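Worksheet: one structure, shown below.
As the structure is a computational prediction, the values presented were derived from the model and not from experiment. Throughout, a chain's letter reflects where its sequence line sits, starting with A, and its residues are numbered from 1.
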Amino acid sequence: MTPVTLLSRGAVVLLCCWVLLPIYLLIVNTFSSQADVSGFPKNLIPPMDTENVEFFMGYFGVGKALLSSLKVAAITMILSIGAGAPAGYALSRFDFRGKNLFRVFVLMTRAFPLPLLALPLAVMYIRIGLDDSVLGLAIIHTVLALPFAVLITYSLFSGIPIELEEAAWTLGCNRFQAFVKVIFPLVLPGIAASAVFAFVISWNEVFAAAVLTIENRTLPAFLLQSLGTSPLHLKFAGGAVMVVPALVFIFLVRKYLFSMWGIANR
Amino acid sequence: MHPRLLPYLLLLPAAFFLCVFFLYPFFLVAWQAFFTDAGEYTTEFFSEMLGHWKFEGALKNTLILTLIVVPIQTALALFMATLVSGMKKGRDIALYIWTIPLGISDLAAGIIWLAIFEQTGFLNSFLYTLGLIDQPQTFLGYQSKTTIFVAIVLAEVWRATAIMLVILVAGMGLIPKEYYECADVFGASRWKQFTRITLPLLKPSLQTALILRVILAFEVFAVVVTLGGTNLPVLMSEIYVWQFDLRDAHVAAAYAMVVLAISILCTLVIMWALRTPKEARI
Amino acid sequence: MAEINIKQVAKRFGKTQALHSIDLNVEDQEFLVLLGASGCGKTTLLRIIAGLETASDGEVWIGGKRIDKLRPKDRGIAMVFQNYAVFPHLTVFENIAFGLRMQKLDQSTIDKRVKRTSELMHIDSLLERYSGQLSGGQRQRVAVARALATEPSVLLMDEPLSNLDALLRMEMRAELKTVLAESKTTTVYVTHDQVEAMSMADRIAVMHEGEIVQSASAIEVYRDPATQFVGSFIGNPPMNFLNAKSSGNGEWNIEGLLLQGPSDRTAIQFAIRPEDLQLCGVKSSTESNTDQLIEPDKLHATVRVIEPLGSHKLASCKVGDALFRVVLDSDSSVSAGDVLALKPLPDRVRWFDPESNKAMA
């Protein structure tokens, strides 16, 4: 091994530690007793005390917030794939007037601070009765997730040779049948990945959730609201509850993270 | 149905959605910033915003944070992407670990770094064990703005470098290996290859990554609130305060216009600075 | 059982004219090859017949029925694609059965047809495999079996062999020819490979810049190219062309060679295939006085490069300022710099009009 490779190996390991260590420390805190959390100096091996987590889960409002979070994320997932996948398909398969305009439009949404949308929507929702509702929040989360859904599905559909579809047409399928029998089975894992991505975006979003909901707070909004008042150990347990699904999700979609951006820059 | 209409039909749901819940609300935000509830044009909300004692600090803090965080992240992401491009074994696992923060919200990231920086946190604990301090220090108190700032920078670099990394790794994946082999044959060093091949060909990806990252940096909110509380105001936290605690949506909208304006300005600057003619792309 | 009639089909992509008013008839059971360089419009024409592309103008008829407004599935065609388009999520069996299931045939008929076509294509042992477990050649066979299983009235093939390596391509060429001759299906086959075209076709339609420039049997296209393009595109090495000067009374002077030709022109081009030249003498480059060699019934070519190709030697020469290729016996001891005295075989000489580039009677 040359010194250069040794050095770069070392750098890779160091950077892995840089990412993992803070998460580990959070987990240590989460699985410590209340006394340990505020104790000093600290132990680096967690006592595996679940009292903290149990207390958090039983804490007033947490169960409801968790449920709201799941509901909002699920609706976001359905809406963003439902609207995004057809658009991704259209972009990958057709040449039409306005195609570039639409692509730029979708990409441009990323150039705007989207959480700001929460402000006018708060007013608009009161008028149409969507205020403080799970659906209302899911809609703004969909605006956040939709550009990604369009980009991921666009790259997915582009990755499937058009000849497969044409072959199905010549073998007796109409457009819809060809899609269902040939394209859909092939893109299904990717669609699932982009749905997971939409889920994560919604699961993590704080600002709009805090602005738009009062009764139906999602978990991040709940945590943010109670930051000032809740004791430390509760914050850590809440943080851990939020982080763990993220770890799983990123693992599930890791293959698709990169392909999406490969095509988006073309 | 005419086949030419099909693509438009497929775009309709997404386009409708973005128009109603993206374009229209932005129009509303602008309206709220410039017009009173009675519908009269006024700059009163902007004056109120500019006159407020926290505005200057919030703007300054946001800009300085962005100016510190984004260059560090760009350099780090480029370094990580380069490291990983030379790897065979362990590439996937390294990339997985490095992209974990992508799934972690700014709020959770704030809480994670709170565990390190709070008074009975791991940093104090570590320094104490080494014998460098006699008693726990207050890093995040109202007199210690500098350490709050450092903590926020660390948390932001930790959390949000991943998105740039993903875009840059994807971009590097599009550069054919042959270019580097060719450069090797001509005797170019690793550094020369990086500056003469990687960077120029990576410009479109770098552009996307920077735009995305800079805009997200202007939206920094939960990390700041978690670590700094109200001690370190930024634009987004002020919007939250005006909307909720002070119940004045108009001034909040005026703040939003400021965030929007600097976002658009930065996007345009980055687009111009890193422009690549279509013919010169891979 | 179907003939194809293409009537004045034109295709424009924006401002570019991909096809100029094509007229073409394919007989029932005929094997027609569309041959041309890339970008000549041959694939576009095939895709218009298939219904994957819409013609800007004109009509397409199959078996006496106008089909250009129908969807691909209603045209009675089957197609084999260049990259095979074998569905990766289905087994070989299900790939072959795909079209049959769409026709809603009963299971026993499907089993029978899949069995028959897979045996015909020698893939009956692979029926349970997926596309990813097959070699390129095997995928090719699945694609053909899948198309034939639907018993189409017209089979369309788009460069089906171009992704195979040379040896496999030769093998599949012969096999496809046998299978298709047995199935008696009207076939339109697109290729840019002239050897493939000549070896398989009942008739070749040579395309150039969106037009069919010649449509005839392989030997006719080779011997009597309708235009200069056909002469230089078909045949490897291509036909030689030289400018001729009139010396009156229908006699033409081609760089010293005097030949009787068409008499009603002022300018004309002489053409001959490289293998239709008789070597009458060699003047080595080491001998000094070359001018003694000039004879009026011979063409004098200065050798630039000799390429030994096994079965023969190819000499690239200069006649005047023009490039001129000659096929020589592999035993001939000619080297660069030598001057060859060549006598064209009289019945193989062709004449072209330099303005229209068309052959003259």
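For chain A, the nearby part of Arg47(C) is the side chain; its heavy atoms alone come within less than 4.5 Å. For chain C, the nearby parts of Leu164(A) are the backbone and the side chain; heavy atoms of each come within less than 4.5 Å. For Phe87(C), the parts lying under 4.5 angstrom from a heavy atom of chain A are both the backbone and the side chain. Only the side chain of Gln177(A) has a heavy atom closer than 4.5 Å to any heavy atom of chain C. Neither the backbone nor the side chain of Val80(C) comes within contact range of chain A; no heavy atom of the residue lies under 4.5 Å from a heavy atom of that chain.
Taking Arg71(C), Arg146(C), Arg75(C) one by one and counting their heavy-atom pairs under 4.5 Å with chain A, the maximum is reached by Arg146(C). Ranked by heavy-atom pairs under 4.5 Å with chain C, the first of Pro161(A), Pro185(A), Ala168(A), Cys173(A) is Cys173(A). Note on Pro88(C), Ala50(C), Ala78(C), Ala147(C): by heavy-atom pairs under 4.5 Å with chain A, the leading option is Pro88(C).
At a cut-off of 3.5 Å, with distance as the only test, a side-chain donor of Ser108(C) or Asp106(C) sits close to an acceptor on the other residue. Between the side chains of Thr185(C) and Ser183(C), at least one donor N or O sits under 3.5 Å from an acceptor N or O.
Checked against a 6.0 Å centroid threshold, the rings of Phe197(A) and Phe249(A) do not count as neighbours.
Residues Leu34(C) and Leu24(C) form a side-chain contact, since some pair of their non-hydrogen atoms from C-beta on lies under 4.5 Å apart.
The aromatic rings of Phe179(A) and Tyr89(A) stand perpendicular to each other, their planes meeting at an angle above 60°, with 30° marking the opposite boundary.
Checked by atom type and distance alone, the side chain of Asp74(C) never pairs as donor or acceptor with a backbone atom of Leu70(C) at under 3.5 Å.
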